[in-house]
Structure formats: structure tokens, C-alpha cells
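Positions are given from 1 along the sequence. Only heavy atoms go into these numbers, but all of them, side chains included; no hydrogens, no water, no symmetry mates.
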Amino acid sequence: MEYMMFVATDPEAEPYDKDHDNIEDWITDVEARGAHVRGDRLRPVEDATLVRVRNGEVLVTDGPFTESKEWIAGYDVIEAADLDEAIEIASKHPMARFGRIELRPVWPL
């Protein structure tokens, strides 16, 4: 089953430690398992564009769409046998320590 990992900042988490929080090590491990489908960083919230349709009109807003100290920094799609395995994989991601990871099963159309 595929799981989407939303990789988010968390101002209340432990501080980043460049010696401990190595994303390359996590990617190497997940690719070796055959569990990594795809993933990447996202540009900062200042580069976001919000698109809505209201009463048939397209409304476009630049910049972040919420007043929040947290923001989505990246994403990964992983392949896992079940939620337990997805949690185990996500728990090893560096942002699980100095940010947070939201897991959601992919729901195919």
C-alpha cells in the first residue's frame, strides 16, 4: 500500500542537528528496502499559490494561505505492507525528530 508522508516543520520540536539529521541516510535505507516511491523538498511557503473557485470565479492568492508557524517542507510517497511498517519508516526520517511527519494512505480513484 502506498502512503503519503507530509514532512512538516514544528517550532516546538528538538533543534536540527546536522550530524544526527541526515536525510541522505534515510533515503538510502528506504531505497534499499524498495519502499521509496518518490519524494522531494518543497519551496518555502512564500512561494505558495492558493487556487480556489467561488461562485464560478477563479481566485488566486500568492503566499501562505494560513497563519501558521508550521508548514509542509516536503513529501515522500512510500510503499509499505501496512500502517505499522509505514510508521516504522516514517519514524526514522530526520524530520520526525526536529519536525513532524503526517502519514496518509493513498486512496486511488
Side-chain angles (χ1 to χ4, degrees):
M1 170 177 272
E2 284 189 351
Y3 287 86
M4 171 68 97
M5 291 177 43
F6 294 100
V7 180
T9 64
D10 184 345
E12 297 178 9
E14 297 178 29
Y16 171 76
D17 176 354
K18 69 180 177 103
D19 296 325
H20 186 260
D21 299 318
N22 186 334
I23 189 65
E24 287 84 12
D25 291 344
W26 181 84
I27 291 170
T28 298
D29 177 59
V30 178
E31 285 178 344
R33 295 173 172 228
H36 195 256
V37 176
R38 63 187 165 278
D40 221 329
R41 298 179 301 170
L42 297 175
R43 300 280 311 162
V45 293
E46 292 79 14
D47 294 342
T49 302
L50 178 65
V51 178
R52 299 172 290 161
V53 176
R54 299 294 183 267
N55 297 320
E57 181 181 357
V58 176
L59 305 173
V60 178
T61 306
D62 292 334
F65 59 93
T66 62
E67 294 295 324
S68 176
K69 294 178 181 165
E70 303 88 16
W71 50 280
I72 305 291
Y75 71 95
D76 288 281
V77 178
I78 59 171
E79 181 72 33
D82 54 30
L83 180 58
D84 290 336
E85 183 181 17
I87 290 169
E88 191 263 328
I89 291 169
S91 72
K92 293 181 178 178
H93 193 288
M95 285 292 284
R97 194 185 72 74
F98 73 92
R100 63 182 183 193
I101 306 289
E102 178 181 333
L103 278 175
R104 286 198 211 169
V106 173
W107 192 6
L109 291 173

Quick one: does D21's side chain have a donor or acceptor within less than 3.5 Å of a partner on D17's backbone? yes
ILVMFWY cluster, I87 and I27 together (side-chain gap under 4.5 Å): yes
Should we count CD of E31 as having more than 12 external heavy atoms under 6.0 Å? yes
Taking every non-hydrogen atom, the tightest pair across A96 and A90: CB-O, 3.5 Å
Over all atoms of both residues, closest heavy-atom pair of N22 and E24: OD1-OE1, 2.5 Å
Do T49 and T61 have side chains that approach each other closer than 4.5 Å (heavy atoms only, starting at C-beta)? no
Test: side-chain hydrogen bond (donor to acceptor under 3.5 Å, both in side chains). Region: residues 75-84. Which pairs qualify, not counting sequence neighbours? H36-D76
Report yes or no: does R97 contribute a side-chain atom to a donor-acceptor pair with the main-chain N or O of P15 at less than 3.5 Å? yes
Treat each ILVMFWY residue as a node, draw an edge where side-chain heavy atoms are under 4.5 Å apart, and state whether V60 and V53 are in one component. yes
Exercise: identify the closest heavy-atom pair between V7 and I101: CG2-CD1, 3.9 Å
Should M5 and I23 be counted in the same cluster of Ile, Leu, Val, Met, Phe, Trp and Tyr side chains packed under 4.5 Å apart? yes
D19, CG: over 12 other non-hydrogen atoms inside 6.0 angstrom: yes
Could you pull out the closest heavy-atom pair between A86 and A80, with the gap in Å? N-CB, 3.7 Å
Ignoring hydrogens, what is the shortest heavy-atom contact between A13 and G99? Give both atom names and the distance. CB-N, 3.9 Å
Between V30 and I78, what is the shortest heavy-atom contact and its length? CG1-CG2, 4.3 Å
ILVMFWY network linking V51 to L59, side-chain heavy atoms under 4.5 angstrom: no
Applying ring-ring contact (aromatic ring centres under 6.0 Å, His included) to F98 and not counting sequence neighbours gives Y16
Between L83 and V77, is there a shared hydrophobic cluster once you connect ILVMFWY residues whose side-chain heavy atoms come closer than 4.5 Å? no
Member of E85, H93, K92 meeting the side chain to side chain contact (heavy atoms under 4.5 Å, CB included) criterion with I89: E85
What's the separation between atom CZ in R100 and atom CD1 in I72, rounded to the nearest 0.5 Å? 7.0 Å
